[in-house]
Amino acid sequence: MPFNLPIALTWLRVAAIPLLIAIFYLPGTWLTPLEKNIFATIIFVFAALTDWLDGFLARRMHQESAFGQFLDPVADKLIVAAALLVLLNMDRVQVWVALIIIGREITISALREWMALLGAGKSVAVHMVGKLKTTAQLVAVSFLLLNDTFFGWLDCARIGTWLIWVASFLTLWSMFYYMKKALPQLAGKID
């Protein structure tokens with residue numbers, strides 16, 4: 001298993017998950033609810049930025065690896081799923097939204113694994129629709145974690161709710177896109 005700066009950033013994103021969750025379980029005497037929201041948002045945004053940065057650095061420093069290509073999307077899925085479960089627990093996101101997003105991630109991960117076994121992994125390689133979905137999810141979750149009104153008009157809860165619905169639509173769209181791309185290879189291989 002290689003270890004370099006891009007992979008270290010990816011591991012840092014995984015390590016941020018328990019911290020993100022723990023923030024909300026600290027005693028009320030340690031942090032106010034607003035402070036918890038702000039710290040959780042900072043952790044999540046930092047993790048989201050490392051998602052972009054680790055890929056950029058891996059390409060720039062010529063440190064791309066099979067392990068990094070495996071770990072990066074796993075880290076993304078884990079932190080989004082953890083944040084969604086926290087938001088679900090705090091009643092900031094609907095159950096159907098969490099099910100769509102987490103269910104899609106499991107489905108597409110399984111599809112990619114199966115396609116790799118068939119030697120057709122490139123047919124379900126990451127596409128722009130998947131990147132757009134990830135961006136929408138990261139922005140929406142950030143607003144939902146913040147969950148307050150700033151400057152008297154910036155209603156983060158409302159904006160986050162609208163964005164998570166858009167992200168849910170993009171999530172379904174990307175799932176159907178990848179499934180359609182895989183269908184020709186799967187049609188002849190299903191036992």
Side-chain angles (χ1 to χ4, degrees), residues 3-58 60 67-68 70-106 109 130-171 174:
F3 193 79
N4 53 40
L5 181 58
I7 289 176
L9 288 171
T10 305
W11 278 118
L12 192 59
R13 192 158 64 253
V14 173
I17 295 168
L19 186 57
L20 173 71
I21 295 167
I23 290 280
F24 290 106
Y25 293 97
L26 292 174
T29 55
W30 290 16
L31 294 173
T32 67
L34 176 59
E35 290 169 337
K36 290 178 183 183
N37 290 344
I38 290 170
F39 282 122
T41 304
I42 290 169
I43 292 166
F44 188 81
V45 168
F46 171 77
L49 291 175
T50 65
D51 178 31
W52 170 81
L53 185 60
D54 63 11
F56 172 78
L57 290 176
R60 180 82 159 197
F67 181 72
F70 157 77
L71 185 61
D72 182 65
V74 171
D76 298 343
K77 289 164 182 40
L78 286 174
I79 198 155
V80 168
L84 282 172
L85 292 175
V86 166
L87 292 167
L88 184 62
N89 187 51
M90 295 187 303
D91 202 29
R92 294 185 191 176
V93 72
Q94 298 86 357
V95 171
W96 65 267
V97 169
L99 284 172
I100 285 172
I101 293 173
I102 295 170
R104 181 267 186 206
E105 300 305 343
I106 293 168
S109 293
K131 291 180 181 189
L132 186 60
K133 175 265 318 172
T134 299
T135 301
Q137 287 177 0
L138 296 174
V139 173
V141 168
S142 298
F143 274 99
L144 289 168
L145 286 169
L146 201 47
N147 195 53
D148 210 332
T149 301
F150 292 93
F151 315 113
W153 58 270
L154 185 63
D155 187 346
C156 294
R158 180 171 293 174
I159 293 168
T161 299
W162 292 340
L163 289 174
I164 202 72
W165 291 346
V166 169
S168 297
F169 170 76
L170 291 171
T171 298
S174 70

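The shown structure was predicted, so the numbers you read here are calculated from the model rather than taken from an experiment. In what follows, every heavy atom counts, from backbone to side chain, and hydrogens, waters and symmetry copies are set aside.
Taking CG of L85 as the reference point, atom CD1 of I21 lies at 7.5 Å (rounded to 0.5 Å). For the atom pair CZ of R92 and OG1 of T161, the computed distance is 10.5 Å after rounding to the nearest 0.5 Å. Summarising the geometry, atom OG1 belonging to T149 is positioned 4.0 Å from atom CG belonging to D155; distances are rounded to the nearest 0.5 Å. In this structure, L9 CG and T50 OG1 are separated by 6.0 Å, a value rounded to the nearest 0.5 Å. Residue S168 holds its OG atom at 10.5 Å from CG of L163, rounded to the nearest 0.5 Å. Distance CD1/I23 to CD1/I43: 4.0 Å, rounded to 0.5 Å.
In summary, the side chains of T171 and R104 do not present any donor paired with an acceptor at a separation below 3.5 Å, with no hydrogens or angles considered. Using a 3.5 Å distance cut-off with no hydrogens or angles, the side chains of N147 and R158 do not pair a donor with an acceptor.
Counting only distance, with no hydrogens or angles, the side chain of S174 and the backbone of K133 share no donor-acceptor pair below 3.5 Å. Judged by distance alone, the side chain of K36 and the main-chain N or O of L26 form a donor-acceptor pair under 3.5 Å.
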>> Determine whether V45 and S142 satisfy the following criterion, side chain to side chain contact (heavy atoms under 4.5 Å, CB included), listing intermediate values before the conclusion.
In response: CA-CA 7 Å; V45 168; S142 298; 3.6 Å; yes
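Every pair passing ring pair (Phe, Tyr, Trp, His ring centres under 6.0 Å) that includes a residue from residues 22-55 is listed here, sequence neighbours excluded: W52-F56.
Using a 4.5 Å heavy-atom cutoff, the side chains of V139 and F143 are in contact. For the pair L84/I102, a side-chain contact is recorded, criterion being any heavy-atom separation below 4.5 Å from C-beta on. Using a 4.5 Å heavy-atom threshold, the side chains of K77 and Q137 count as separate.
Taking both residues in full, the closest heavy atoms of V141 and A83 are given as CG1-CB, 3.6 Å, listed atom of the first, atom of the second, then distance. Listed here is the closest heavy atom pair of A140 and I164: CB-N, 3.4 Å. When all heavy atoms of L145 and A40 are compared, the closest pair comes out as CD1-O, 4.0 Å. Residues A47 and R13 approach most closely at O-CD, 3.1 Å, considering heavy atoms.
Residue D51 forms a side chain to side chain contact (heavy atoms under 4.5 Å, CB included) with just one option from L138, T10, T135, V80, and that option is L138.
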